[in-house]
Q: 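Here you go, one structure.
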Amino acid sequence: MKIRVLMTQAVLNPTAVGLVQACGAVVLAAGMAHAQAQGTPAGELRVTEVVAGSGQVAQAQRQQGGDARALLQRFTATVKTATGQFSQESRDPQGQSLSAMQTGRFSFERPGKFRWAVDQPFEQLILADGQQLYQYDPDLLQVSIRPMSQALGASPAALLFGSTSLEENFTLESQPARDGLVWLRATPRQTDAGFSHVDIGFGESLPEVLELLDAFGQKTRIRLSNIQVNPTLPAAEFHFSAPDGVDVVRM
């Protein structure tokens, strides 16, 4: 079946597209697009927390607050590839759940390649090959494609998967230690980034939590686990070809 190419920007939920642009905790974009397609009101998912594994920071470092800025810079400089699993859920300001728990797998390779695949409750894929960003929904038979230059920028995805100077796009401030983690706040320099700030909690040398807050005070939490650092990844890991019958939307 021939793929139909739609040269439009109106087909996709703009909030979903904005995940990688504004919220950047990649998985949320696909979840919101699918949730809206399933009848879930748009705008339910407003803040993102990403929790990455169960690493242990040295107790002295935790008590003293550590140097979260140095941890982020070290993570960006030394972790060139990684794989792992994630789970995520979203909550409103009162702590009530806004969406079903999502689970899946992720991988990345600097600069600018990543794969964020949601397995449950609905399959979704967000993939960046270094040049273009693909958002694929198998149930909707639709994939959107946009240039990477429009996708990362000042986003949490750039914090995790990018390779440029973080302070070009963010103001970085250390925060008090809590929950056994060393915290850093990244505030986007762009006023239209789509979120007010993201707090990153580190255990040892890896980010374990990202808390992304918007003006509505709503949150999404993503837990990362089974992280493998600097594995050799095949080129196919970051390659996407739309299956037959899928609408291709170029943004």
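Remember, it's a predicted structure, so these values are computed and weren't measured experimentally. Keep in mind that the numbers below use all heavy atoms, side chains included, and drop hydrogens, waters and symmetry copies. We count residues from 1, following the sequence as given.
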Q: Does a side-chain N-to-carboxylate-O contact under 4.0 Å join R105 and E237?
A: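 No, this pair does not count.
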Q: Search all heavy atoms of S87 against all heavy atoms of T103 and return the closest pair with its distance.
A: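 In terms of heavy atoms, the two residues are closest at CB-CG2, 3.9 Å.
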Q: Measuring from atom CG of D92 to atom CG of L98, what distance do you get when rounded to the nearest 0.5 angstrom?
A: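 Interatomic distance, D92 CG to L98 CG, rounded to 0.5 Å: 5.0 Å.
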Q: Taking atom CZ of F240 and atom CD of Q132, what is their separation to the nearest 0.5 Å?
A: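 Nearest 0.5 Å value for the CZ-CD distance: 11.5 Å.
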Q: Does any part of the side chain of W116, heavy atoms only, come nearer than 4.5 Å to the side chain of S107, both counted from C-beta?
A: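 Counting from C-beta outward, S107 and W116 never come under 4.5 Å.
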Q: Identify the two heavy atoms, one from H239 and one from R115, that lie closest to each other, and give their separation to 0.1 Å.
A: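 Looks like O-NH1, 4.4 Å.
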Q: Quick check: closest heavy atoms across K113 and G130, and the distance to 0.1 Å?
A: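 Between these two residues, the closest heavy atoms are CG-N, 3.8 Å.
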Q: Below 6.0 angstrom between ring centroids: does that apply to F114 and F106?
A: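 Between F106 and F114, which both carry aromatic rings, the centre distance is not below 6.0 Å.
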Q: Count I, L, V, M, F, W, Y as connected when their side-chain heavy atoms are under 4.5 Å apart, and connections chain through other members. Are V229 and F75 then in the same cluster?
A: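 Yes, V229 connects to F75 through the hydrophobic network.
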Q: Any side-chain to backbone donor/acceptor pair from T81 onto P231? Under 3.5 Å, distance only.
A: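 Answer holds: yes.
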Q: Among side-chain atoms of T83 and Q228, is any donor-acceptor pair under 3.5 angstrom?
A: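 Note: T83 and Q228 side chains miss the donor-acceptor criterion.
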Q: Would you mind reporting whether L133 and L127 have side-chain heavy atoms less than 4.5 Å apart?
A: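 L127 does not reach L133 side chain to side chain.
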Q: Measure across L184 and Q175 and return the closest heavy-atom pair with its distance rounded to 0.1 Å.
A: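 For L184 and Q175, the tightest heavy-atom pair comes out as C-CG, 4.3 Å.
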Q: Looking at T78, is its backbone amide N or carbonyl O close enough to the side chain of N230 to form a donor-acceptor pair, meaning the two atoms are under 3.5 Å apart?
A: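 Between the backbone of T78 and the side chain of N230 there is a qualifying donor-acceptor contact (under 3.5 Å).
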Q: Are Y134 and F238 linked, directly or through intermediate hydrophobic residues, by side-chain heavy-atom contacts shorter than 4.5 Å (ILVMFWY only)?
A: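 Result: no, two separate clusters.
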Q: State, with a plain yes or no, whether a side-chain heavy atom of F108 is found less than 4.5 Å away from one of L233.
A: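 No, their side chains stay 4.5 Å or more apart.
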Q: Do L213 and D199 come within less than 4.5 Å of each other through their side chains, counting heavy atoms only?
A: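 No; the side chains remain at least 4.5 Å from each other.
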Q: Less than 4.5 Å apart, any side-chain heavy atom of F195 and any of P188?
A: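 Yes - at least one pair of side-chain heavy atoms lies under 4.5 Å apart.
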Q: Looking only at atom types and distance, does a side-chain atom of W183 sit under 3.5 Å from a main-chain N or O of F202, one as donor and one as acceptor?
A: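 Judged by distance alone, no pair lies under 3.5 Å.
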Q: Roughly how far apart are S144 OG and M251 CE, rounded to 0.5 Å?
A: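 Interatomic distance, S144 OG to M251 CE, rounded to 0.5 Å: 6.0 Å.
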Q: For the residue pair V182 and L71, establish whether any side-chain heavy-atom pair is separated by less than 4.5 Å.
A: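 Yes, side chains in contact.
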Q: Any chance you could measure T187, atom OG1, to N169, atom CG, to the nearest 0.5 Å?
A: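 Answer for the OG1-CG pair, T187 versus N169, is 12.5 Å.
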Q: Report yes if the side chains of Q124 and Y136 come closer than 4.5 Å at any heavy-atom pair, otherwise no.
A: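 With C-beta onward as the side chain, the pair stays apart.
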Q: Any side-chain heavy atom of P121 sitting closer than 4.5 Å to one from Q102?
A: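 P121 vs Q102: side chains touch.
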Q: Before you tell me yes or no, could you show the steps for I227 and L206 under side chain to side chain contact (heavy atoms under 4.5 Å, CB included), namely the whole-Å CA-CA distance, both residues' side-chain angles and the distance that decides it to 0.1 Å?
A: CA-CA 9 Å; I227 299 175; L206 297 176; 4.2 Å; yes
Q: Rounded to the nearest 0.5 Å, how far apart are CZ of R91 and OG of S99?
A: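 That separation rounds to 9.5 Å.
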Q: Checking R185 side chain against H197 main chain: does a donor-acceptor pair fall under 3.5 Å?
A: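 Checked: no pair found.
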Q: Determine, stepwise, if the pair D137 / Q142 fulfils side chain to side chain donor-acceptor pair (under 3.5 Å).
A: CA-CA 6 Å; D137 189 317; Q142 179 178 277; over 6 Å; no
Q: Side chain of D179, backbone of L181: donor and acceptor closer than 3.5 Å?
A: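 Side chain of D179 to backbone of L181: no pair is present.
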Q: Measure from the side-chain N and O atoms of R110 to the backbone N and O of V79, and report whether any donor-acceptor pair falls under 3.5 Å.
A: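 A pair under 3.5 Å: yes.
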Q: Which value, rounded to the nearest 0.5 Å, describes the distance between I145 atom CD1 and R250 atom CZ?
A: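 It comes to 4.0 Å.
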